[in-house]
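When reading the values below, keep in mind they use all heavy atoms of this one structure, side chains included, and skip hydrogens, waters and symmetry mates.
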Amino acid sequence: MAEGLNRARKVVRWTLNGTLILTWFLAAGSTVAAMGLGILTWPRALLAVAGLVAFSVFFFRITGAVLAHRYPVRDVVAAGALSLGVAIVGGSPITGWGFVPLAWLSIAAIGVPRRVAVLLGAGTAVVVTPLGVLWVLDSTDPSISLDPATAAGGVVGVIIYYLVMCSLFPWTNRLWVWIWQLAEEAHAGREAQARLAVAEERLRFARDLHDLVGHQLSAIAVKSELAVRLTGVDADAARDEMAEVRGLARTALRELRETVRGYRRLDLDAELTTVRGVLEAAGVTCRLHLPHREVPEEVAPVFAWVVREAATNVLRHSSASRCDITVRHSDEEAVLEVRNDGAAHRAVEDVGSGLAGLGERMAAVGGTLEARPTGSGEFVLRAVAPLPVEVGA
């Protein structure tokens, strides 16, 4: 689970930083075109590039802080000032250096209330739109005609461009971060649910011990005290009380063993249901292929242990997106096969220390366990037990 969450974090971070990559691409193309037309000089181009480098440093710091649930106000303010300065020095073409303030807006609006995001978008539009208009009206650009119709069309185009961009950019990266936060909350919720399940199981175990053994131990304590009192008065009565104490102790020991044995004996159907839920919660599609008849009770518990360990290995040691669990049996043997499409790039013996214990469990019922990657990128764990079970074979 943690590995999947880390992968999701990297994807979101690359998505956020993708805006900066696009900014560099547009700035480079705009600079080449402007210098070819003689609009932008070398000193101004170098100064704009230096400003963009500094802006990029702040950009990376802001995205890292946002994913860590912090809002670095100073970095955001500094990056905003740099983006405006870079746009001015570069000449503010709307698909070039004028795009830098939009890149700033895409991350500055993350982690703030919606009203603040709207205000940031409106403020950016108010500041950068005049710069774009001045770029259109710049008489030093020989490629732009200054007749009224062309100038008016260019101004309207710039206004519409920045209104649309400043309306959309506050929400684009906010959506990705919101999805990331949902993934984090879901992960935390699953961990909390797992801890709660463990706590509930411990509570149930304690309650069962109290109900089954507590009464017997209380009776033993009372009768032992009574026997001590009767020792010097009525030896026969004291002997009878101690005999009852012995019987109660044996009963308590038997019930304790039955309780522990019940907890150690897994139910195959319940384990399959649990494993399927856990895998699908982790993003792994799990398909069960089960027989119409119930698996014989002699082999079902050990198969349950195999299913549990196999699911653990899928979550810990692979990048699987699909897992198929197949159970079948005939009059001669029962077979369990767990197949996933995320074969680990390591030796089989390194994929979970529990496989050795599973091999011992299968050997105890006369069965075998095989775990190996296939040539098609899959990993297969196969358990086979003879029927009827030959215990100790």
Who passes side chain to side chain contact (heavy atoms under 4.5 Å, CB included) against [X], sequence neighbours left out?
| X | value |
| --- | --- |
| Pro130 | none |
| Arg293 | His329, Asp331 |
| Asp324 | Arg287, His289, Arg322 |
| Thr368 | Val384 |

Residues which pass salt bridge (Lys or Arg N to Asp or Glu O under 4.0 Å) with [X], listed by chain and number, not counting sequence neighbours:
| X | answer |
| --- | --- |
| Glu294 | none |
| Arg246 | none |
| Arg70 | none |

Hey, can you pull the donor-acceptor pairs under 3.5 Å for the side chains in residues 22-39, sequence neighbours left out?
residue	atom	partner	partner atom	Å
Thr23	OG1	Thr19	O	2.8
Trp24	NE1	Ser56	OG	2.9
Thr31	OG1	Ala27	O	2.7
Thr31	OG1	Trp97	NE1	3.0

Which donor-acceptor pairs under 3.5 Å do the side chains of residues 106-127 make with protein atoms, sequence neighbours left out?
residue	atom	partner	partner atom	Å
Ser106	OG	Ala103	O	2.6
Ser106	OG	Asn173	ND2	3.3
Thr124	OG1	Leu120	O	2.8

Quiz item: Quick one: side-chain hydrogen bond (donor to acceptor under 3.5 Å, both in side chains) pairs with a partner in residues 162-171, sequence neighbours left out?
Solution: none
Quiz item: Between Glu370 and Arg382, is the closest basic N to carboxylate O distance under 4.0 Å?
Solution: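 Result for this pair is no, no salt bridge flagged.
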Quiz item: Can you list every salt bridge (charged side-chain N to carboxylate O under 4.0 Å, His left out) pair that touches residues 152-173, not counting sequence neighbours?
Solution: none
Exercise. Look up atom CG in Leu358 and atom CD in Glu309, then write down how far apart they are to the nearest 0.5 Å.
Key: 5.0 Å
Result block: side-chain N/O donor-acceptor pairs under 3.5 angstrom for residues 41-54, not counting sequence neighbours:
residue	atom	partner	partner atom	Å
Arg44	NE	Val89	O	3.0
Arg44	NH2	Val89	O	2.8

